[in-house]
Amino acid sequence: MTEKSRKVLRVLNGETLSPPPVWLMRQAGRYLPEYRQTRAAAGSFLDLCYTPELAVEVTLQPIRRYGFDAAILFSDILVIPDALKRNVRFEEGHGPRMDPIEEADIARLDTRPVADHLKPVIETVRRLRDELPEETTLLGFCGAPWTVATYMIAGHGTPDQAPARLFAYRYSEAFDCLLATLADVSADYLVAQIDAGADAVQIFDSWAGVLGEDEFLRYAVKPVRRMIDSVRARRPNARIIAFAKGAGILLKGYRQGTAADAIGLDWSVPLSFAAELQKDGPVQGNLDPMRVVAGGQALDDGIDAILQALGNGPLIFNLGHGITPQADPDNVLRLVSRVRGARA
């Protein structure tokens, strides 16, 4: 059973399946009442991420409801800077906050405690593989170095990541060092997830779209390639999805540049361009999350367009970014049913 029964893994190995497998980014989240209940019981958001019993529960919630073809580990990309002692916290109404890193701090980053700090997350992966249905692909993940660095430099999220872009221009050597450090500890983290039972992993570069062409190559492609090379040197059969949100036409060389098995596509990627990218291998995406909020004909039309354009090649059906808290759980059920061939 195992590999042949896990549809997402089969697509990552290059197969075309009809209907395609489906899962949704942020499928364990605030749109589900059971998630909100567990989140309230956890205390802080990081406590939820670092408590295996609770992290397993929220990961399993959407699998129980919808039977998605993949479960993705419930955690956050900012556990890496948290493990690097950057004082990460999540403030209600403001999102993530941490101590902004300065040029002199980068060379002093101590990576030795990272693995121990992240042991609860790895324990969550181990428990998930034991508790998930045999046919469900288990996905691990982490943030890409560029995206994680943007938060470390600004100390919070910003609309266009200007602080990180400016830092990279002013202190290019230090910034390259930061990206290399993040790439190396993140690769170790992904290997640990794979060893604990993850079938495949996804690298999220949520802020790749703010970079120019040269910067995209230097800050988005090369560090992710460093990560993937490091993972594959130790785990040659690792299956890896790379998601560079907002990269647009720069996605044309992204798969080859990073050596990812599959590339995730955000909703702004034209389906004609997506079909061209699919000729080189599996793609994942790319329904606009707002269609899940709207429901009805808007949802059906978006699903059908993707299936028509990409359904004859290796496709993992997904959203073009994470599901939003405003999404109606019934619309998610409608989505899953339609992708699998039913008609709502």
Side-chain angles (χ1 to χ4, degrees), residues 1-25 27 62-63 66-72 132-141 194 198-203 228 232 236-245 247 251-288 291-292 299-321 332 334-344:
M1 205 169 171
T2 60
E3 219 174 281
K4 289 304 289 182
S5 68
R6 294 174 189 164
K7 294 179 180 178
V8 170
L9 199 55
R10 288 171 62 186
V11 173
L12 292 176
N13 286 330
E15 287 190 53
T16 297
L17 300 181
S18 183
V22 55
W23 71 279
L24 305 181
M25 289 184 278
Q27 62 191 24
I63 305 302
Y66 305 114
F68 287 121
D69 293 299
I72 186 164
L132 280 167
E134 184 67 27
E135 69 273 12
T136 307
T137 301
L138 175 56
L139 299 174
F141 79 94
I194 292 165
D199 296 300
V201 293
Q202 176 159 315
I203 300 169
I228 291 177
R232 292 243 175 85
N237 295 323
R239 292 291 172 258
I240 301 171
I241 307 165
F243 176 54
K245 182 176 179 288
L251 288 170
K252 192 168 185 179
Y254 187 64
R255 185 197 309 270
Q256 292 81 359
T258 60
D261 295 290
I263 53 174
L265 310 177
D266 67 78
W267 70 89
S268 70
V269 176
L271 291 176
S272 56
F273 182 40
E276 289 298 311
L277 295 170
Q278 193 185 45
K279 291 177 181 177
D280 293 326
V283 294
Q284 176 177 275
N286 67 333
L287 188 72
D288 185 348
R291 289 187 183 267
V292 186
L299 177 58
D300 292 351
D301 289 348
I303 292 167
D304 293 350
I306 292 168
L307 293 177
Q308 183 175 354
L310 304 176
N312 292 322
L315 169 67
I316 300 166
F317 195 98
N318 207 313
L319 303 182
H321 200 222
V332 177
R334 182 182 182 118
L335 181 158
V336 173
S337 297
R338 197 168 187 91
V339 170
R340 289 180 172 162
R343 288 295 178 264

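FYI, the numbering just counts along the sequence from 1.
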Any donor-acceptor pair under 3.5 Å linking the side chain of D266 with the backbone of H321? no
Closest non-hydrogen atom pair, A70 against L139: CB-CD1, 3.9 Å
Return yes if some donor-acceptor pair links the side-chain N/O of Q278 with the main-chain N/O of P314 below 3.5 Å, else return no. yes
To the nearest 0.5 Å, what is the distance between CG on L265 and CD1 on I316? 10.5 Å
Straight-line distance of L251 CG to F243 CZ, nearest 0.5 Å: 9.5 Å
Is there a side-chain contact between D288 and L319 in this structure, where contact means two heavy atoms from C-beta onward sitting under 4.5 Å apart? no
Taking the side chain from R340 and the backbone from P19, do they hold a donor-acceptor pair closer than 3.5 Å? no
Minimal heavy-atom distance between A275 and A309, with the atoms involved, is CB-O, 4.2 Å
Going by an N to O cut-off under 4.0 Å, is there a salt bridge joining R338 and D300? yes
Mind checking whether D301 and L299 have side chains closer than 4.5 Å, heavy atoms only? no
If I take atom CH2 from residue W267 and atom NZ from residue K245, how far apart are they, to the nearest 0.5 angstrom? 4.0 Å
Return yes when atom CG of N312 has more than 12 non-hydrogen atoms of other residues, nucleotides or ligands closer than 6.0 Å, and no otherwise. no
Using a 3.5 Å distance criterion without hydrogens, assess whether the side chain of D261 forms a donor-acceptor pair with backbone atoms of L12. no
Strictly distance-based, threshold 3.5 Å: is any side-chain N or O of R255 a donor or acceptor partner for the main-chain N or O of L277? yes
Can a donor-acceptor pair be found, under 3.5 Å and without considering hydrogens, that links the side chain of Q27 to the backbone of L24? yes
Checking L310 against F317 for the side chain to side chain contact (heavy atoms under 4.5 Å, CB included) test, could you report, in this order, the C-alpha distance in whole Å, the side-chain angles of both residues, the deciding distance, and whether it holds? CA-CA 9 Å; L310 304 176; F317 195 98; over 6 Å; no
When every non-hydrogen atom of G285 is compared with those of I306, the smallest separation belongs to O-CG2, 4.0 Å
Quickly, which of E15, E134, E135 forms a salt bridge (charged side-chain N to carboxylate O under 4.0 Å, His left out) with R6? Name it, please. E134
For the CD atom of Q284 and the CH2 atom of W23, what is their distance to the nearest 0.5 Å? 5.0 Å
Heavy-atom side-chain proximity of K7 to T137 below 4.5 angstrom: no
Are D199 and V8 side-chain neighbours, meaning at least one heavy-atom pair lies under 4.5 Å? no
Return the OG1 to CD1 distance between T258 and I263, rounded to the nearest 0.5 Å. 8.0 Å
Any donor-acceptor pair under 3.5 Å from R232 side chain to A259 backbone: yes
Less than 4.5 Å apart, any side-chain heavy atom of R239 and any of V201? no
Any donor-acceptor pair under 3.5 Å linking the side chain of N318 with the backbone of N286? no
Any side-chain heavy-atom pair of I63 and P133 under 4.5 Å: yes
What's the shortest heavy-atom distance between T16 and G311, and which atoms? CG2-O, 4.0 Å
Please report the closest heavy-atom contact between G264 and I241, naming both atoms and the distance. N-CG2, 4.1 Å
Using side-chain heavy atoms (C-beta onward) and a distance below 4.5 Å, is Q202 in contact with M25? yes
Answer whether the closest heavy-atom distance between the side chains of T136 and F68 falls below 4.5 Å. no
Taking all non-hydrogen atoms of both residues into account, name the closest pair between L287 and I303 and its distance. CD1-N, 3.7 Å
